[in-house]
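Convention: sequence-line order gives letters A, B, ...; per-chain numbering from 1.
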Number of protein chains: 2
Amino acid sequence: MAAVKEQSTIQANKRIAQAECPVTYVMEKIGGYWKPIILYHLAAGDKRYSELKKAIPAITEKMLIQHLKQLEQDNLVIREARPVVPPYVTYRLTAAGHGLQPVIRAMAEWAFKDIKGSFKEKATRKSKAAIAA
Amino acid sequence: MAAVKEQSTIQANKRIAQAECPVTYVMEKIGGYWKPIILYHLAAGDKRYSELKKAIPAITEKMLIQHLKQLEQDNLVIREARPVVPPYVTYRLTAAGHGLQPVIRAMAEWAFKDIKGSFKEKATRKSKAAIAA
DNA sequence: ACAAGTACTTACCCCAAAGTATGTATCATG
DNA sequence: CATGATACATACTTTGGGGTAAGTACTTGT
């Protein structure tokens, strides 16, 4: 503790959290809003920049390219540009990117269970459940 | 596409992402810096507020309580307060909270592999496995 | 009477992520 | 020669998560 407050405590805390918490480490890499979505679409197969844009209409170009760059830096996707007349750029997952699939799947399973309410009133055996809405 | 810009596009995008992406759904619940860490500590057993504080020295009280409240609202932890002289409040995981452990574990495994560099140039060499949810 | 401990609450600030908008390079086509 | 398509880049603004600091309510110990 003490947290001397030199500057940018938030960044310092990030390092700490990342160092001691593998979950935070993962979050740093796929924690953006769009990252998992991009990953999801790329998991289904290689895609061009414009294909991703079409697949995720709500994302802005800035966000798309920004996250793609980050994913590339984090070694999760590979960018392949062909020096042709109209640019032709393809993105695909790396081994690390594919390695995230069990994580994604575990998340998805939990999410579906939680949405279905499979966890509600099960196993807690003695829950007053004071949900204040 | 048009994105009429009525108000707070970021929140609107969140809903969209959450609705179509289970991963984002999970992120919304355990995506804070401290959430996974708190969850991790609670996974090891029930803890009092002060015990959590001691277990995670770098966290501020505001963040701790704030995240605990959110986790409670999201039905991941249960708060039990005993109306005794010095307050005695215990936090423990719900069934849903415990249900996250496979997710956490999958993340941790990936993180360790990634940190070790197991994905670098190794390639899973035979990963078709395109899960389409 | 006052400090100390527990479990919070609240007001205020800062920064980085997310969003908006516009510009760039290249060539093909009308 | 202006428009459209592709794949970006970049300046600027907003928003909300996270951080700092201080206060509250209650009681026990000295």
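Residue-level contact check: B:Glu61 touches the bases, meaning some heavy atom is under 4.0 Å from a base atom. If you check every strand for non-hydrogen atoms under 4.0 Å, B:Ile65 touches a base. Here B:Lys35 lies out of heavy-atom contact (under 4.0 Å) with every strand. Looking at heavy-atom distances under 4.0 Å, B:Thr60 makes contact with a base.
Rounded to a whole Å, the OH atom of A:Tyr33 is 12 Å from the C1' atom of C:dG19. The distance between atom OH of B:Tyr88 and atom C1' of D:dC26, rounded to the nearest whole Å, is 18 Å. Rounded to a whole Å, the CZ atom of B:Arg82 is 17 Å from the C1' atom of D:dT27. One interatomic measurement links the two molecules: CG of A:Leu64 to C1' of C:dG19, which rounds to 14 Å at whole-angstrom precision. Computed from coordinates, the A:Gln70 CD to C:dA16 C1' distance equals 11 Å when rounded to whole Å. Going from atom CD of A:Glu80 over to atom P of D:dT6 covers 19 Å, rounded to whole Å. Summarising the geometry, the separation between NZ on B:Lys47 and P on C:dA7 is reported as 14 Å, rounded to the nearest angstrom. For B:Leu68 and C:dT9, the CG to P distance is 11 Å, given to the nearest whole Å.
For the residue pair A:Lys35 and A:Gln70, a side-chain donor N or O sits within less than 3.5 Å of a side-chain acceptor on the partner. Under the 3.5 Å distance criterion, with hydrogens and angles disregarded, no donor-acceptor pair is assigned to the side chains of A:Tyr91 and A:Glu51.
In terms of position along DNA chain D, the nucleotide closest to A:Pro87 lies nearer the 5' end than the nucleotide closest to the other residue of the pair A:Lys62 and A:Pro87. Projected onto DNA chain C by closest heavy-atom contact, B:Thr90 and A:Gln66 fall at different nucleotides, the more 5' of which corresponds to B:Thr90. With the nearest nucleotide of DNA chain C identified for both B:Lys53 and A:Met63, B:Lys53 has the one nearer the 5' end.
Checking the phosphate oxygens (OP1, OP2) of C:dA7, a side-chain nitrogen or oxygen of B:Arg48 falls inside 4.0 Å. Phosphate proximity of C:dC8 to B:Tyr91: present, with a side-chain N or O under 4.0 Å from OP1 or OP2. For the pair B:His67 and D:dG17, the criterion of a side-chain N or O lying under 4.0 Å from OP1 or OP2 is not met. An OP1 or OP2 oxygen of C:dG5 is reached within less than 4.0 angstrom by no side-chain nitrogen or oxygen of B:Tyr49. OP1 and OP2 of D:dA5 both lie 4.0 Å or more from every side-chain N or O belonging to A:Ser50.
Atom CG of residue B:Leu76 and atom CG of residue A:Asp114 lie 7.0 Å apart, to the nearest 0.5 angstrom.
With a 4.5 Å cut-off on side-chain heavy atoms, B:Thr90 and B:Tyr88 count as touching.
Both tests pass for B:Lys29 against the ring of B:Tyr25: distance under 6.0 Å to the centre and angle within 45° of the axis.
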